[in-house]
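Right, I'll just put the structure down here and ask away after.
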Amino acid sequence: MVYGRRFSDALLPPACKLCSGATEGTLLCAACTTELPCNTPACPGCALPSVQAVLCPACQHKPRAFDAAFAAFVLATPVQQAIHSLKYGARFQQASLLATAFVSRLSTRIEPLPTLLIPVPLHWRRQWSRGYNQSLELARLIGAELGITVDATAARRLHATPDQIGQTAAERRRNLKGAFAASPRVAGQHLALLDDVMTTGATLEELSRACKAAGATRIEAWAIARQPLARDNVVM
Ligand SMILES: [Zn+2]
Ligand SMILES: [Zn+2]
């Protein structure tokens, strides 16, 4: 597998990609790996932290618009700070660290990887004011590590949605309805949709609906970190 090969090639001499300390031939050293707030086990349907890697009652009752979800970490120290400084402080070095840590969590994956990686698009006005899309920065690095093509223009955000901080899950769903359009290029593809943080999952679900409507066959929702709150009310 592509990323298996890269793991060994990239480590001569072996050095932890986070702290440059010695490793056992892995991307991250044992100390860094232990300190990361790995989101495991988690529900494979919505990526919420769980006691077992089986579908949670909510996913059993009502499957999400995507077919599977994977969030490498829980939104906690130090991942939370790294995402924040990438998103609001343009610290691109953080994207590299986060992407490396994310990929290291996929090293034990046995299922086939997606064929196309699509970052959650920002509305053009927000991207213009921020100057970049943090999810695209992460997708480029993750796609390169895993050997998955990144298509940053396969999905578009049709209208600007208000900042979602403080909104309830129901408000998020309402504001996002019809927010995305997907290109026919996704037809027949196994997609991974990438966001920096998965909060309620409403954004990734709405984007999944657009991609399914355009003919995508399988969709995985990927996020660097998962907001651990399970409650269906005001979230950060
Ligand atoms: Zn380390
Ligand atoms: Zn679930």
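Start at 1 and go down the list; that is how both ligands and their atoms are numbered.
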### Task
To the nearest 10 degrees, could you say what angle the Zn ion (ligand 1) makes with SG of Cys32 and SG of Cys29?
110°
### Query
Is it true that Glu220 and Arg109 have a side-chain N and a carboxylate O under 4.0 angstrom from each other?
yes
### Message
Nearest 0.5 Å, please: how far is CZ in Arg105 from CG in Leu36?
### Response
9.5 Å
### Query
Counting no waters, what protein N/O/S atoms lie under 2.8 Å from the Zn ion (ligand 2)?
Cys43 SG, Cys46 SG, Cys56 SG, Cys59 SG
### Query
Taking all atoms of both residues into account, what is the closest heavy-atom pair of Ala65 and Lys212, and its distance?
O-NZ, 3.5 Å
### Query
Going by heavy atoms in the side chains, are Leu86 and Phe92 under 4.5 Å from each other?
yes
### Message
Go through it in stages, so that I can follow the logic: the residues are Ser183 and Arg156, the test is side-chain contact (heavy atoms from CB on, under 4.5 Å), and I'd like the CA-CA distance, side-chain angles, deciding distance and then a yes or no.
### Response
CA-CA 8 Å; Ser183 151; Arg156 275 187 310 132; over 6 Å; no
### Query
If two hydrophobic side chains count as joined below 4.5 Å and joins carry through other members, does Ile142 share a cluster with Val79?
yes
